[in-house]
Structures are given as C-alpha cells and as structure tokens.
Amino acid sequence: MIRNFGFALPPFAYWSPEEFRVNAASARHLIDARCGWDITDYGAGNFDKMGLFLFTLRNGILSDLQGGGGMCYAEKLLISRRDQLSPIHTHVIKAEDIINRGGADLVVELYGSDDDGNCAEDRGGQVMCDGILRDYGPGEKLVLKPGESVTLRPGDWHAFWGEGGDVLIGEVSTVNDDETDNVFREPIGRFASIEEDVAPKHLLVSDYAERLI
C-alpha cells in the first residue's frame, strides 16, 4: 500500500532481526528513538475494529526539543483500515500534522479540553486545516480527502479512522514519545501484547528493549 502511493521506506525497514543486531552500534539512534515498525490494537484484542499500523521514519531527541534547537521533529507513516478506530487521545508535548497521503477519506473526530486538561465533551477549539484556522465544535468530525491535513496541538483530543476504505496517513510532528506522551480518554494501552508463534521477519519498536539492548 505504501509503494502504491509513491512512498519508499528506508533501508533499515527491511533488516532482519540479525541484521539489526549486527548494526545495533551504528543504529543506536534508531533504537533509542524507536524508529521502525509498530502495530497496535490498543490492548483491546480486536485489531480490525480498533487498531493502527505505524512506521516511524525519523524521530528527534527530547533533549534537543527541551533545549530549543536541533533535531526537534518526527515523521511517521500510518495505515488506518476502513472503519478501524484509533481511539480518543491527546498529547502532552507533541504537536502534529495529520495528513491524508492517499486512499479513502480520513475522518478525524475532535474535542477540546476542560480546565484540568481532560477531554471535554461540551467544548470545542481551533485547529488549522492546511494552514487555514478553523473552529471546531465538540465531537465535530473533519473529513480529510487525499492531500488534506489538520494540525493538532496538545489539548486537542482526537480519534480517527478510514471511511470508505483504507487510508495511508502521514504524520509530521515534534519529537515523538509513544511510551509517555499518549493520553487516552479511556484506560487503554498504547502497545499490544503479542503471542509470538513464529520467528519475527522484522522487529517491532516494542521488541528493541528485549532483543537489541
């Protein structure tokens, strides 16, 4: 699907686990920044209904972001299947552009924050769509066609899914930390628990701590 929309993944995407181990010293940044393959069902055990595929192409360094200069950015590709929900969440640090890179429509459901930073079902806010500022109401659903984008800041609670088919999504953001910077409205998990029944062809970012460090 990625190739069909004109994107090519970097060489490390195709490393076997053994190649990753051999290259671990020189690829330390990839490991520490958790670049690579990721897949989640948010702990719900029903990937077709609630889940997401991700590949982190590049990711910056939190100390650079805190210092105000350097590698302060990240980029991902995501695939949201038809009607496959990525549930309502926000971020504490990360601002992000969510871009429909191709496929079906991408629906983004939005809520604002209350005075304590929690998801407010009676509050909206403001976002930029392709650089144009617009207001949104609580629970408003933006429909992004291929090529369209929305800029989300911390405090913009959002969920998204593909409507009418699968969607290739681009994410361009400040430094990404999926372990600590995802705040979900419901008590769910960011990473899936996987029962391995065959040897992995490629490692997931959640494998790095056990298999490479």
Side-chain angles (χ1 to χ4, degrees), residues 5 7 38 40 42 44 49-54 56-60 62 65-66 68 72-190:
F5 291 107
F7 288 85
D38 189 6
T40 184
Y42 299 99
K49 289 189 177 295
M50 188 162 71
L52 189 65
F53 158 87
L54 313 93
T56 300
L57 295 155
R58 64 201 87 250
N59 194 13
L62 185 59
L65 184 63
Q66 292 167 335
C72 301
Y73 55 88
E75 182 184 9
K76 291 182 180 181
L77 285 175
L78 306 86
I79 295 175
S80 186
R81 292 181 173 180
R82 180 175 184 170
D83 300 325
Q84 184 186 41
L85 177 68
S86 289
I88 292 176
H89 64 286
T90 191
H91 307 286
V92 178
I93 296 173
K94 184 172 74 171
E96 57 187 343
D97 282 1
I98 301 295
I99 309 152
N100 186 334
R101 294 291 193 192
D105 291 344
L106 176 65
V107 178
V108 183
E109 182 179 5
L110 296 168
Y111 293 91
S113 294
D114 64 19
D115 294 339
D116 295 319
N118 300 311
C119 182
E121 296 194 2
D122 61 348
R123 291 191 188 181
Q126 288 186 321
V127 292
M128 285 193 300
C129 293
D130 300 306
I132 307 300
L133 189 65
R134 61 166 291 173
D135 297 324
Y136 68 84
E140 184 167 346
K141 296 176 177 63
L142 302 179
V143 179
L144 302 180
K145 302 288 186 181
E148 295 181 336
S149 69
V150 61
T151 300
L152 303 171
R153 299 179 183 275
D156 291 323
W157 291 82
H158 54 284
F160 56 87
W161 59 91
E163 185 166 85
D166 299 346
V167 187
L168 180 64
I169 304 167
E171 178 185 304
V172 178
S173 73
T174 44
V175 174
N176 178 80
D177 183 356
D178 279 325
E179 292 185 277
T180 64
D181 197 31
N182 291 290
V183 181
F184 292 96
R185 185 178 66 177
E186 308 298 335
I188 57 177
R190 166 58 180 83

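The first residue of the sequence shown is numbered 1, and numbering continues consecutively from there. These values consider heavy atoms only, across backbone and side chains, with no hydrogens, waters or symmetry-generated copies.
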At what distance, to the nearest 0.5 angstrom, does [atom1] of [X] lie from [atom2] of [Y]?
X: L106; Y: I98; atom1: CG; atom2: CD1; value: 8.0 Å
X: F53; Y: D166; atom1: CZ; atom2: CG; value: 12.0 Å
X: L110; Y: L142; atom1: CG; atom2: CG; value: 4.5 Å
X: N100; Y: I169; atom1: CG; atom2: CD1; value: 7.5 Å
X: E96; Y: D156; atom1: CD; atom2: CG; value: 9.0 Å
X: E186; Y: Y42; atom1: CD; atom2: OH; value: 14.0 Å

Starting from the C-alpha separation in whole Å, work towards a yes-or-no answer on side chain to side chain contact (heavy atoms under 4.5 Å, CB included) for R153 and M128.
CA-CA 10 Å; R153 299 179 183 275; M128 285 193 300; 4.1 Å; yes
For [X] versus [Y], what's the shortest heavy-atom pair and its separation?
X: T180; Y: D177; answer: OG1-OD2, 2.6 Å
X: L77; Y: G170; answer: CD2-CA, 4.5 Å
X: C129; Y: V150; answer: SG-CG2, 4.2 Å
X: A104; Y: G164; answer: CB-C, 3.8 Å
X: S80; Y: Q84; answer: OG-O, 3.2 Å
X: P146; Y: G103; answer: CG-O, 3.5 Å

Short question: side chain of [X], backbone of [Y] - any donor-acceptor pair under 3.5 Å?
X: D130; Y: S149; answer: yes
X: T90; Y: P154; answer: no
X: N118; Y: D114; answer: no

Pairs flagged by salt bridge (Lys or Arg N to Asp or Glu O under 4.0 Å) wherever residues 78-93 is involved - sequence neighbours left out
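Those involving residues 78-93 are D48-R81.
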Please tell me whether N176 and K94 have a donor and an acceptor in their side chains that are separated by less than 3.5 angstrom.
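Checked: N176/K94 side chains pair up, N/O donor to acceptor below 3.5 Å.
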Run the side chain to side chain contact (heavy atoms under 4.5 Å, CB included) check on T174 and C72 step by step: do they pass?
CA-CA 6 Å; T174 44; C72 301; 5.8 Å; no
Taking the side chain as everything from C-beta on, heavy atoms only, tell me whether [X] gets closer than 4.5 Å to [Y].
X: L54; Y: E171; value: no
X: L144; Y: V108; value: yes
X: D115; Y: R123; value: yes
X: T56; Y: D38; value: no
X: R101; Y: F5; value: no

Taking atom OH of Y73 as the centre, report whether more than 12 heavy atoms of other residues, nucleotides or ligands fall under 6.0 Å from it.
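No, OH of Y73 has 12 or fewer neighbouring heavy atoms, counting only those of other groups under 6.0 Å.
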Are there over 12 heavy-atom neighbours, none belonging to I132, within less than 6.0 Å of that residue's CD1?
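Incorrect, the count does not exceed 12.
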If the threshold is 4.0 Å, N to carboxylate O, is there a salt bridge linking D105 and K141?
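Salt bridge flag = no for K141 with D105.
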Go through the steps to decide whether V127 and T151 satisfy the test side chain to side chain contact (heavy atoms under 4.5 Å, CB included), and finish with yes or no.
CA-CA 6 Å; V127 292; T151 300; 5.9 Å; no
Only counting residues at least two apart or in another chain, list the ones meeting ring pair (Phe, Tyr, Trp, His ring centres under 6.0 Å) with Y136.
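Applying ring pair (Phe, Tyr, Trp, His ring centres under 6.0 Å) to Y136 gives none.
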Please, which pairs that meet ring-ring contact (aromatic ring centres under 6.0 Å, His included) have at least one residue in residues 74-105, sequence neighbours excluded?
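For residues 74-105: H89-H91, H89-H158, H89-F184, H91-H158.
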Could you go through the side chain to side chain contact (heavy atoms under 4.5 Å, CB included) check for V167 and F160 one step at a time?
CA-CA 11 Å; V167 187; F160 56 87; over 6 Å; no
